[in-house]
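I have placed the structure first, in the form of structure tokens, so that the comments after it can refer back to it.
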Protein chains: 2
Amino acid sequence: MSSVETFLSLLGDIPVQTVPALVKRKSRDFYWYSPVLKRQLDSCFGDCIVMPRNEEDLLHIARVARETKTPLTPRGGGTGNYGQAVPMEGGAVVEMTELNKLLWVKDGVARVQAGMNMLDLDRALHERGWEVRMYPSTKRTATIGGFIAGGSGGIGSVRWGGLSSPGNILGLRFVTLGENPEALELRGSDARGILHTYGTTGLITELEIGVEPAVDWQDMAISFGTFEEAAVFARDIALQAGIQKKLVSVVDGDLPPFFASVREHVPDGASLVILMIAPAGIETVKALAEAANGHLCYEANTREAEDTSGATPLYELTWNHTTLQVLKKDRGYTYLQCGYPHVGTLEKVAEIRALFPDDLMMHLEFFPMGGHVSCAALPVIHFTDEERLNYIIAEHEKRGVNIANPHVVTIEEGGMHRVASPALAAIKKRYDPMLLLNPGKMLSVKTLKAEG
Amino acid sequence: MSSVETFLSLLGDIPVQTVPALVKRKSRDFYWYSPVLKRQLDSCFGDCIVMPRNEEDLLHIARVARETKTPLTPRGGGTGNYGQAVPMEGGAVVEMTELNKLLWVKDGVARVQAGMNMLDLDRALHERGWEVRMYPSTKRTATIGGFIAGGSGGIGSVRWGGLSSPGNILGLRFVTLGENPEALELRGSDARGILHTYGTTGLITELEIGVEPAVDWQDMAISFGTFEEAAVFARDIALQAGIQKKLVSVVDGDLPPFFASVREHVPDGASLVILMIAPAGIETVKALAEAANGHLCYEANTREAEDTSGATPLYELTWNHTTLQVLKKDRGYTYLQCGYPHVGTLEKVAEIRALFPDDLMMHLEFFPMGGHVSCAALPVIHFTDEERLNYIIAEHEKRGVNIANPHVVTIEEGGMHRVASPALAAIKKRYDPMLLLNPGKMLSVKTLKAEG
């Protein structure tokens, strides 16, 4: 009996899936945005899927994984772009989507199981008068656990900052793969070693998150003759403390033709500012847009679009969906994730944009970094080869623009530090001494030797 | 018959008050914070009080004022500090407090009569699940119209910016003193000529304002060994996008002994950070305070304190109440209003503080200016003479700190420009061509000649 067969035989009544086509499909995420990751990960698959129904199941899976030395790769909605959910050394994909309950909401805090779908979560919160502070553009398919373990921010970040901003995630519960697998609760900064680690340091079962009172958001797209005007307007809106907003994005004039849902409304070649604005702010935004020579070309109710089959809420044109809209038509593109400084932001954007007129379609997302309003760029990049891509990255970095490289599989290299961290290695050693959790995704692990 | 007697005789059944002691009392505000204004305004009184019950009354008052050339000085709660409500040329004080109804609330917008008390307004909103975005520290006595016509920001500004930030005030209705007095509605930027003009350009009857979902705010006071540590911590909290807050203030170690309600909880000489934090953020703030060597020395529920006779919500130790707490014990003090740059904020605060160790007890209020988190200082100043006060002001300005001088009576001099504005003069000419509204408070008016 192979080790995986032994693993499966010890799982009792925990649901599993071994049909190869399904296992292959559940071993994928959106890593193929990156031609580099595509080459690296196309041949990586798990051997089976396990589907825990509760924490007890997960503890049992952890024990059996240790016993049979089976790697475990947790999976939420499979919407990551770094190959977070792609098993690099086989083993079992742990599909978390049965842990999908909202446990409680009170006074701006919600407790939720990690595998809950983000749209389901937002709807369940909405029924109680609340909504999630931030969500990825993949809200319809992503899970809260996947977002928090593999993402960094999204729609809502313009108000609440990133997922790592203190106060957004208050605590979490997770299953360890230590000598005696157990479920632990960590709060505040203690939880940071488990967040955004792609499941390499534990299997998150529950999350306690800040939520905000429900708002009846309005989608607004405002077109401008030039990218510069659009960017200035977007930054101005992001800086307006009196206007409540959930999203402030800008896309270059080359991009709207890829947006099937709105392109007929956008003047040829116009750059677009995409906003989600609270009802109280709509009149003010319209007046400011008019004063800035912007043209409101599209308006809709965000939740109505979200609830209507075939309709596209504007947030599905932003964040990582901007690139997806292009890839739907042409697989010859990829993207970057660039953090711009909060001082001289737009000058720096202009500088980078001027350097690469043929490679790059500019796309900005405004939000505070360390409390200071700035923007990230997620430019869509015409891919020629890896050398050119690395050159573009290097030119950004040389000019003081931070790159969170989406063409690497490890936590460290995808962040801003790119080096192994003894602190992360210590957490890994503590909660996963046999190095079974999502192998291949942590650089720091190379300083460790698997126990057992 | 004197002109005032004629005026009164023409008012029909509109309630009036002529008992001299009452008229004198209603001709005062908190101008006496400033020894300079005290000298200038102590002898200024109205001749009578009129108390309109509705817009019709106000229109009638406007017509009669024109007919008899009677100056009108509108009054809300009389909590201003620039002598906004002190009649400088006699005439009638128009007491607006009978226009005190919340008209409607919907989707984050409220329509309210200008004379409504701020605490009453906040309570009425709270019953419907909302609250005011910002209020002055004089919430218990101030009116919404007085706040907007004479204030600039307050508790809530750390989230929503100033009253002048687009989106906070959506529109207003006001009665003009034009040839045919009428009630007009202005929206958005068109309303700016009426806001913060001390009633010199019209008599505001209704306001449409942004409101926010009600939060169960928690008062927290955190003590630090040094002012520098307190200021760094406060700025950090102000910059934390993930923590929902309504107030971030700092007071120097000399000030807590003046705060009867909390001084027993504050270690000797400790500087204090005063916060109002949403429930979801309390755990995070406590953890951050501990990490910064702060000591949480006082906690309470803001609304409970507000509702309990004899209790003091912490916001009554902040903004202009900081100075008031000192003046309650010792009239030898006054204050300044200083806008610090958002770059190098705390270095500049330290520079100013070091210049005037004997004159000045430092007090900071953090909030975004133009979208960038910065702070205003409202230092309590040991008053020696006007020369010294002007020297302190000049030393601030020389170093790039803006002064909104609270020792002058005109709109322009109390702001940052200090010059007459043709735009403001044009608005004045349009809505008050006879120059009857709150005479003496507008510098720009000197370019005009009264009509009629």
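In what follows, every chain begins at residue 1, and chains take the letters A, B, ... in the order their sequences are listed.
A:Asp190 is linked by a side-chain hydrogen bond (donor to acceptor under 3.5 Å, both in side chains) to nothing, counting only residues two or more places apart in sequence or in another chain. Scored by the ring-ring contact (aromatic ring centres under 6.0 Å, His included) test, A:Phe366 finds no partners at all (sequence neighbours excluded).
Residue pairs meeting the salt bridge (charged side-chain N to carboxylate O under 4.0 Å, His left out) criterion with at least one partner in residues 273-282 of chain B, sequence neighbours excluded, do not occur; the list is empty.
Per-residue counts of heavy-atom pairs under 4.5 Å with chain B were compared for A:Gln240, A:His342, A:Lys106; the largest is that of A:Gln240. With chain A as the partner, the residue from B:Thr284, B:Val373, B:Val285, B:Leu239 showing the most heavy-atom pairs under 4.5 Å is B:Leu239. The residue among A:Ile282, A:Asp107, A:Val109 with the most heavy atom pairs within less than 4.5 Å of chain B is A:Asp107. Ranked by heavy-atom pairs under 4.5 Å with chain A, the list B:Gly371, B:Pro166, B:Gly167 is led by B:Pro166. Ranked by non-hydrogen atom pairs under 4.5 Å with chain A, the options B:Glu208, B:Arg159, B:Arg187, B:Glu212 are led by B:Arg159.
Residues of residues 145-154 of chain A lying under 4.5 angstrom from chain B, judged on non-hydrogen atoms, do not exist.
The minimum heavy-atom distance between B:Pro368 and A:Ala241, with the atom names listed, is CG-CB, 3.9 Å.
Sparse packing is recorded around CD of B:Glu290, with 12 or fewer heavy atoms of other residues, nucleotides or ligands lying under 6.0 Å away.
If you measure heavy-atom distances from B:Arg133 to chain A, the contacts under 4.5 Å come from the side chain alone.
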